[in-house]
Each structure stands twice: as structure tokens, then as C-alpha cells.
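Below is one structure, written out as C-alpha cells, with a few remarks after it.
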Number of protein chains: 2
Amino acid sequence: MLNSGVRQAVTRKDVARYAGVSTAVVSYVVNARPKKVAPATEARVREAIKLLGYQPNGAARALKLGSTEMLGLVIPDSSNPFFAELSHALENSANELGYAVLLTNSNGSIDKERKHVQSLSSRGVDGLLLASIEPQPDLERFKESGVPTVLLNRHEPLPGLASIGVDLVQGARTAVDHLISHDHTDIDLVMGTSPVASVDGREKGWRQALTEARLTEGTVHRAAFSRRGGYEAGQRLITARKPPTAVFASSDTQAAGVLRALHEAGLQVPQDIALISFDASSESEYTWPALTAVRQPIHAMAAAAIETLLRRESAGENEHTVFPTDLLIRRSCGCAPSASNDVFLPTSATKT
Amino acid sequence: MLNSGVRQAVTRKDVARYAGVSTAVVSYVVNARPKKVAPATEARVREAIKLLGYQPNGAARALKLGSTEMLGLVIPDSSNPFFAELSHALENSANELGYAVLLTNSNGSIDKERKHVQSLSSRGVDGLLLASIEPQPDLERFKESGVPTVLLNRHEPLPGLASIGVDLVQGARTAVDHLISHDHTDIDLVMGTSPVASVDGREKGWRQALTEARLTEGTVHRAAFSRRGGYEAGQRLITARKPPTAVFASSDTQAAGVLRALHEAGLQVPQDIALISFDASSESEYTWPALTAVRQPIHAMAAAAIETLLRRESAGENEHTVFPTDLLIRRSCGCAPSASNDVFLPTSATKT
DNA sequence: ATGAAAGCGCTAACAC
DNA sequence: GTGTTAGCGCTTTCAT
């Protein structure tokens, strides 16, 4: 009838016996709750804990309390620089509040994403952080599992679910407007593709900026959200009859690929073709030339996501928080910043 | 006395009642074990499960079974490209075997690393994957917690603990030998710094290759394992009285920094200074020029780590597995590969 | 200030 | 083939 005591050799019972108290008292000192314990008793218990090398059993605690103090994280690809930085920031924020995070990759598969959500829910996570690849995640799924959820990297409100993201349209407009201020009139777009069709805010912003400046619309080069995708788009871009003089890329990784294609063709950036990217993850600072990029406030978003999730555990608000972006001026746009980097547009977060 | 039934509204008991069976039967069908169930009964149970939206409670299962089917991962920085790729591969491998992974970052702090090990152990992980920043991790700590552990990114055997890594010395020698074959005689080293002093295998390999070729030793530039570190090292390197004609960098990220410094100084790679880096993470393919790099077989190592860890749960062997590296020839070394990338040294893993 | 005991949801040995 | 039930380690109410 015994469980194979492989690991949990020492339980609170052993500690209690060793310290000559009841198991309840051990609990009181370990949690400093809900009762006070006499200093002398407490000392004996602590002594016993240290001596026996006692470690509370998380599973038992979770079962009793109904809370695992774990958060589930589902992202497309944790090795992609943007998501790598985001998940790092999320882990740090969660950790500060005593929460551990279960990391899962959907690897671009909707089916895998669903399985992970389900599995994390079954593991009893206290909350779910989901960077979904579905433009319209099935709400019922979440209601059912009942796990508080916040959607990451989500750029439009989704009624019924909390979400956090950036103003894609505004960010793109800032970038394209900047290119226009450098007197460019032929501005192409390298746009990432998501599994399901729907117009990305970056595409809208690019188009809006062009329209307002009464410029003719450039070409949209669709490619995967990856360095390779950008590389292929870059190759297509320069072999057009009339290549653009400037390009806006929907992510840093794509821009890195575009850069490679341009270099291989012997083209100079920004002289022959100027380039601005989106995200401003740390890799964008070390490309050649360094990328001017629309920056997402990753750390602030991560902190807000955790905060929203944990607050939601009690209250159940479903707001969409939009963070502003700034334009980080470096070399690829044609500017020659004097010394350090300049930053535009430092506005604050808004809620919907 | 009731637990606040916030989430786990529906338990196996509800399912049993609804299907008109006992709780044991529900267990049998959910786990397909340890008893057979009549097809008709099974169908009724599955029906009830679906209808009620029943999800097994992981904490209860873990408590009963003494296994959480979770693995703990402790790494210095999950946003560093190398560790990002490693943790991605680890998560994938673990997931295939039904294990979830708890990700934690030590952020370069030994204290944090210890806290995470302790916390993961307390959460009852079935195994620990640890990329320690300590050159000599305290063995007692692990014996005590009793969690099967494998050390990652570990390049020398550590008696008493399983570990996995790459032959740093050999990898570095291959790189430096290659530089020598390009007729370089002044080859500097950009070496990452770890918190505690101890000679890294890459430094040894660099020195050995130089010595065997009867070349005078170049300068060692110590810098952080980061793009910024590499950048600073690169700046120092080119302002020396007699700059080298070739450089071996101990990581891709550092090489990216070196590249930036060289570009800023108007130096050509490989013409003015040739460069080879270590890791060959995916970012090394998209720098300009693309980096020739010593490649670590990240996926194979991840798979082996998981396999070792899970096998160790029963048997308790403590071997050190060394993986071979290859030299991925691209442009930064001075080669002009015809079409695709060439790969050297495809040998197989060895155990100690 | 301390202790006894119930019970969280699940598994599996054992009885039928 | 199915049901009964003990018990995993913990928290906390209630009694002392």
C-alpha cells in the first residue's frame, strides 16, 4: 500500500516527530500562517527541518490549496529572438511574484497549441499566457477550462478575453513616415505571414502612411516571420523591374534576412535601399548596419501580462491593454545619429 | 471544510456518477490501466467525460504517483540565442515524452541558481536540467534533494553527476587550425568570462593549435558572453599596436559584436581580419559576412539530455557524454564556398 | 500555543 | 468486469 518513497523520504510527519510537535505546528512555521508559534518551538522545528533536509511536497500543497503557483506559457517558438526575450521577461516577472512558468512551444501548429492549453490546464496552472497563432482563438475553450488567461502579442481587442499588445498600425506608420521624411517615394513592405489570412496592422499602417503622403503603394512581399523568410523576400525585392529605395520589414529577423540579400547583391544600406524593421529586439542593434526599428516595450508588456493575469485570478476583467511603440533611430534608415540612440514617441499605455 | 471549488468543478466522482460506474472505472479508462473495461462501459465513461468537460487533476495524480511528469530547467539566460535554441530543443524533446518543462533563469547569479534548484526540487520535478554557472557545482546539494540531474553545457566530467557537452578543446583547435590553413599567423582570441576563474577549453584549444604550428601566441581579449562584450573586445582588438589578422571568438554573440566593431572601423572581413566563432546558432548564418563557426549539435544534445535524465530515474549512471563539433564553413574565415555549406568532422558521440 | 483529524482528487490493490 | 477503499502530504478548523 506504500507509495514507493523514491524521493520524498522525509515528510512533515518526520519533522514533527523529530521536533516533538504535531504536524500542524510544522505547517504553521513553514507557512508562517495561520497561527503564531512560540519562539522556542519554532526554533526546534526549524532545526529539525534543516537537519532532516525537509522539503515541502508541492503536489500535496497544490492539491490541498487548489493552486500550483505555476503559470503556463504557450508561444510559437521560444528560440525566435522576439519570443525568447518576451518569455525571458515573463519568467522574470512571474518569478518575482513566486510563480514558476511552464514553457511550451506550439511550433506553429494550431493543434499543438490546443493540446498545450489543455495539458497546462490539466496540470492545474493558475494562469495561462498565450501567444496564439490563431487570429480568433476559440473562446469556449478557455471558458471551459476555466483558467484565467491573457493573450500575448495580440494587437486588437478580443471580447471576453484579456489581452496585451502593441499598436501595430501606429508603429508601422511611424516607421514609414520616417522613411518618407528621408524623401523616399518607393517603399516596399516585407510582411510576415500567419497561418490564417487577415490583414496585419503593420500592413495597414504602411498603407495608411503611403496614402496620406499621396505616394503610390509599393509591393508587398510576403514571407515567413524568420531570417530565411526575410532573405527570400529580399532576393525577390531586388530583382523587381524597379526595386524600391526603402523597405519596411515586419520583424527584426526578417530584416536580418533582407540585409543579407542586399549585401550579397552588393547593395548599400541605407544608400541604395533604406530599411526599418519592427520589434527592436537586441539582435537589431548588431546587424550591419544597425537597424532603425520600431520598438516593442517587451519588459513593460511582460510585467503587465503577469500583473493582469494574477489580478484576474480574483476579479475578472477582460481588458485589452495597448502599449505604445517608439522608433529607435539607428543607421539603416539613413540617419546618422550623433552618439547614442534617439528615441521618439514615449507615450504611455492605454486600456480599452 | 470545502476547498473553494474555483476551478476543479468537475472531478472523477462526477464522471463516475454520471456514467453510472465507480470512480475506479473512470480511472481505468482515463489511464487505460491497469484493468480492462468493457467497450460499452468505456463508451459511456468517455461520453460523460466529454459532456462534463472533465479534466484530471494533475496535483492529485502527482501526489498519488510521486511523479509530476515535469522537468526543471535552469539556465543563465533564455534570451541568449544559444540557450534559447537549447531550451527550445529541450522542451520539444521532453514534450515528445509527455514531460512539461519548468523554465527558470539564473541571470548569472549563483544565488538565484541555487534557489531555483531548491524550488524546482520542492515542486517535485522528476528531473533537473542544469546549465550551471558554477564550475564546480556543490554535489551535496543534489544528493540531498535527490532529484535526478544532468548538467548541460558542461565540457568536462564531474564525478558523481551526469553531464553533457561538447569537446571545447577539439572544437577550438579545428577553428584555429582552419585559420592557420588560411596562412594567418597572428590570431587573437575573444574569450567569454565566467564568474569564476578557470581556463576554458576554447582557450586551451586555441593555445594548443598555435603552439603546435609554432606560432606566437596572440592576445586574449576577455569580455562578457554577449554581443556587447564582443563589441568591446573588438574595439580593443583593432586599436592594438599590431592588430591580428584573424580572430577566434568563443561564441556567436561575441562574434556579432566583433563584426560591428570592425565594420565601424571600416575593416573588411575576412580580407582585413578573418573571424571564426563558436556555437553556430542560427544567428551566425545571417551576419555580414556569414560566420564560419564551430557548430554544437544542439538538438542531439538536447535529446540525449532528456534521454539520460529519464533513464537515470531508474538506473543511476553518472556518465559524461561528449559530443563532437563540426566546422561550418561560411564566409568570415576567407573561404568562398561554391554553393551550400560544407561540414567537417562528422564524428559520433562518446561516453566517459 | 498546540494537537487531532478531515479531506483535497486520484490510483490500484483487493474483493467480488 | 466492476466496486470499495486506503492513503499520497498537506492545510486548517475546531477543540483543548
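Below, chain A is the first sequence line, B the second, and so on; all start at residue 1.
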Do T104(A) side-chain atoms and L73(A) backbone N/O form a donor-acceptor pair below 3.5 Å?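 At least one qualifying donor-acceptor pair exists.
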In whole Å, I'd like the distance from the [atom1] atom of [X] to the [atom2] atom of [N].
X	N	atom1	atom2	result
D14(A)	dG9(D)	CG	C1'	11 Å
I49(A)	dC10(D)	CD1	C1'	13 Å
L65(B)	dA13(C)	CG	P	11 Å
K13(A)	dA4(C)	NZ	P	12 Å
K64(A)	dC8(C)	NZ	C1'	6 Å
R17(B)	dG9(C)	CZ	P	12 Å

If you look at every strand shown and take non-hydrogen atoms under 4.0 Å, does [X] touch a base, only sugar-phosphate, or nothing?
X	answer
T41(A)	sugar-phosphate
A38(A)	sugar-phosphate
V21(B)	sugar-phosphate
V30(B)	nothing

In terms of side-chain heavy atoms of [X], which of [options] is nearest?
X	options	answer
K36(A)	dA5(C), dC10(D), dA1(C)	dA1(C)
N57(B)	dA12(C), dG3(D), dC10(C)	dC10(C)
L63(A)	dG3(D), dT11(C), dC8(C)	dC8(C)
K35(A)	dT11(D), dC14(D), dG9(C)	dC14(D)

Only one of N105(B), L103(B), N80(B) passes side-chain contact (heavy atoms from CB on, under 4.5 Å) with H88(A); say which it is.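 The single option meeting the side-chain contact (heavy atoms from CB on, under 4.5 Å) with H88(A) is N105(B).
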It should be established whether [X] places a side-chain nitrogen or oxygen under 4.0 Å from OP1 or OP2 of nucleotide [N].
X	N	result
S22(A)	dG3(C)	yes
R61(B)	dT11(C)	yes
S27(B)	dT11(C)	yes

Taking distance alone, no hydrogens or angles, what donor-acceptor pairs closer than 3.5 Å link side-chain atoms of residues 34-41 of chain B to residues at least two apart or in another chain?
none

First of V25(B) and A60(B) reached from the 5' end of DNA chain D, by closest nucleotide: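 Upstream on the strand: V25(B).
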Side-chain donor-acceptor pairs under 3.5 Å in residues 15-24 of chain A, sequence neighbours left out?
| unit_1 | atom_1 | unit_2 | atom_2 | d |
| --- | --- | --- | --- | --- |
| R17(A) | NH2 | D14(A) | OD1 | 3.0 |
| S22(A) | OG | A24(A) | N | 3.3 |

Angle between the end axes of the helix from dA1(C)-dT16(D) to dC16(C)-dG1(D), five pairs per end, to the nearest 10 degrees?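 Helix axis angle between the two ends: 40°.
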Starting at the 5' end of DNA chain C, which residue's closest nucleotide do you reach first, A59(B) or A24(B)?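 Whichever sits nearer the 5' end wins; that is A59(B).
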Looking at the base of dG3(C), is there any donor atom on it, or on the side chain of Y28(A), that sits under 3.5 Å from an acceptor on the other one?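 Between dG3(C) and Y28(A), which were checked side chain against base, a qualifying N/O pair under 3.5 Å is present.
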If the test is side-chain hydrogen bond (donor to acceptor under 3.5 Å, both in side chains), which one of S119(A), S121(A), S122(A) qualifies with Q55(B)?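 Among S119(A), S121(A), S122(A), the one that satisfies the side-chain hydrogen bond (donor to acceptor under 3.5 Å, both in side chains) with Q55(B) is S121(A).
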Answer with yes or no whether the side chains of E91(B) and S78(A) bring together a donor and an acceptor at under 3.5 Å.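 No, no side-chain donor-acceptor contact under 3.5 Å.
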